[in-house]
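Please read all numbers here as calculations on a predicted model, not as lab measurements. Worth knowing before you read on, the calculation uses all heavy atoms, side chains too, and leaves out hydrogens, waters and symmetry mates. Sequence lines set the chain letters: A, B, ... in the order given, protein chains first and strands last, and positions in each chain run from 1.
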There are 2 protein chains.
Amino acid sequence: MSAGRGRQRRATGHAGATGIDLGPLPGLLGYALRRAQLAVYQDFFRTFDKIKLRPAQLAVLVVVERNPGLKQAEVATALGIKRTNFVVLAHSLERRGLVERRASAHDRRSNALYITDEGKALSRKARQMLEAHEQRFAAELGEAEFGRLVAMLHRLADMEAR
Amino acid sequence: MSAGRGRQRRATGHAGATGIDLGPLPGLLGYALRRAQLAVYQDFFRTFDKIKLRPAQLAVLVVVERNPGLKQAEVATALGIKRTNFVVLAHSLERRGLVERRASAHDRRSNALYITDEGKALSRKARQMLEAHEQRFAAELGEAEFGRLVAMLHRLADMEAR
DNA sequence: TATTGTTATACTCTATAACTATA
DNA sequence: TATAGTTATAGAGTATAACAATA
């Protein structure tokens, strides 16, 4: 019996060593994602503490640098941020002189975003930190596996909902 | 020239199709993790809306079921939750009659946690939903790749900090 | 003294409603 | 009417400090 019993995914015995039975949790994608996300973000915060950049701030800086003149709403939706929450984010970067908001000429409702020279300088610094940050994880898995991991994550993120 | 130029990781062109240049973001582990985490959690919320269980609540239920009599602090640290934040979490499960808190006999400071019959019944329902939830993503990647993904995530999570 | 559970508190992230000024 | 930016607000998740009861 017990022929085609299907999926198993038993406790992978990953970590903790608390002796506590986590049951199916270690085999669950969401649980593994949360643990990895936590570790990677921790490393991000440690790495970028020197220049006080949070992940979302860095993402905005990068997008604005590569796409000068975008409207706030465009940057926001490109990054999956609600435009209402984007306001304070853009404000924080503007206050620090990293990004400029200019009222658009042909549509005076919208703010066009531009990176400043100071923003570009910080972006250069950030790129090096980013490289070191990424490299720590890429080295753990090897470049090839690392690439496959990132690709798989995007594939899951891009799945049709429903 | 350009011989050993090292890491590249250019835009993977994953999604969005907004025409906006995201630069290095799609190649970044943290960015990919955030996108995948979001998608998987969205699916979790949709799936478990019927029984109104959040990820952390389910995790506690599972751990308490498999390890009857654990102290609050033990469950909390096993799941990477601060004991101070665990209080409301345990309370929410107790109010719903899924879990019981009994004062420990030999250490009257601590609460021992036990799953109730109602909790067990919900846990059974949850297991089926969990199976469906997981299967959606496992089917997208295939079981083998899915397993490798989860293993890689735990490996990153278990890396030495520093 | 140290630990367990607890309260209070604060900060971030995310989400919704409603306003304003433009279009 | 619809859209861009904004404000206010509320809910989670996570963090620290401080306290009472107990060890």
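- Rounded to whole Å, atom P of C:dA15 lies 14 Å from atom OH of B:Tyr41.
- Near DNA chain C, meaning a heavy atom under 4.0 Å away, there are no residues from residues 47-62 of chain B.
- In terms of hydrophobic clustering, with Ile, Leu, Val, Met, Phe, Trp and Tyr side chains grouped at heavy-atom distances under 4.5 Å, B:Phe45 and B:Leu89 are assigned to a common cluster.
- Of the possible donor and acceptor atoms, none in the side chain of A:Ser123 sits under 3.5 Å from a partner among the backbone N and O of A:Gly119.
- First and last contacts of DNA chain D with chain B, using any nucleotide atom under 4.0 Å from a protein heavy atom and ordered 5' to 3', fall at D:dA12 to D:dA23.
- Residues meeting the salt bridge (Lys or Arg N to Asp or Glu O under 4.0 Å) test with A:Glu74, sequence neighbours left out: none.
- Interface residues of residues 81-115 of chain B facing DNA chain C, ordered by number: B:Arg83, B:Thr84, B:Val87, B:Arg101, B:Arg109, B:Ser110, B:Asn111; criterion, heavy-atom separation under 4.0 Å.
- Between A:Gln42 and A:Ala73, the residue whose closest nucleotide on DNA chain D is further toward the 5' end is A:Ala73.
- The backbone N or O of B:Arg102 lies less than 3.5 Å from no partner atom in the side chain of B:Asn111, so there is not a single donor-acceptor pair.
- Checking side-chain atoms of B:Arg35 against main-chain N and O of A:Leu153 turns up no donor-acceptor pair under 3.5 Å.
- Within the structure, every pair that satisfies the side-chain hydrogen bond (donor to acceptor under 3.5 Å, both in side chains) test and touches residues 89-98 of chain B, not counting sequence neighbours, is listed here: B:Gln57-B:Ser92, B:His91-B:Arg101, B:Glu94-B:Arg101.
- As rounded to whole Å, 14 Å separates atom P of C:dC13 from atom CG of A:Leu38.
- Between the side chain of A:Thr116 and the backbone N or O of A:Gly97, at least one donor-acceptor pair lies under 3.5 Å.
- A:Arg54 meets the salt bridge (Lys or Arg N to Asp or Glu O under 4.0 Å) test with no other residue; sequence neighbours excluded.
- Remark: the backbone N or O of B:Pro26 is paired with a side-chain donor or acceptor of A:His154 at under 3.5 angstrom.
- The residue from A:Leu98, A:Leu122, A:Leu113 that alone fulfils the side-chain contact (heavy atoms from CB on, under 4.5 Å) condition with A:Leu93 is A:Leu98.
- Rounded to an integer number of Å, the gap from A:Phe44 CZ to C:dT12 P is 15 Å.
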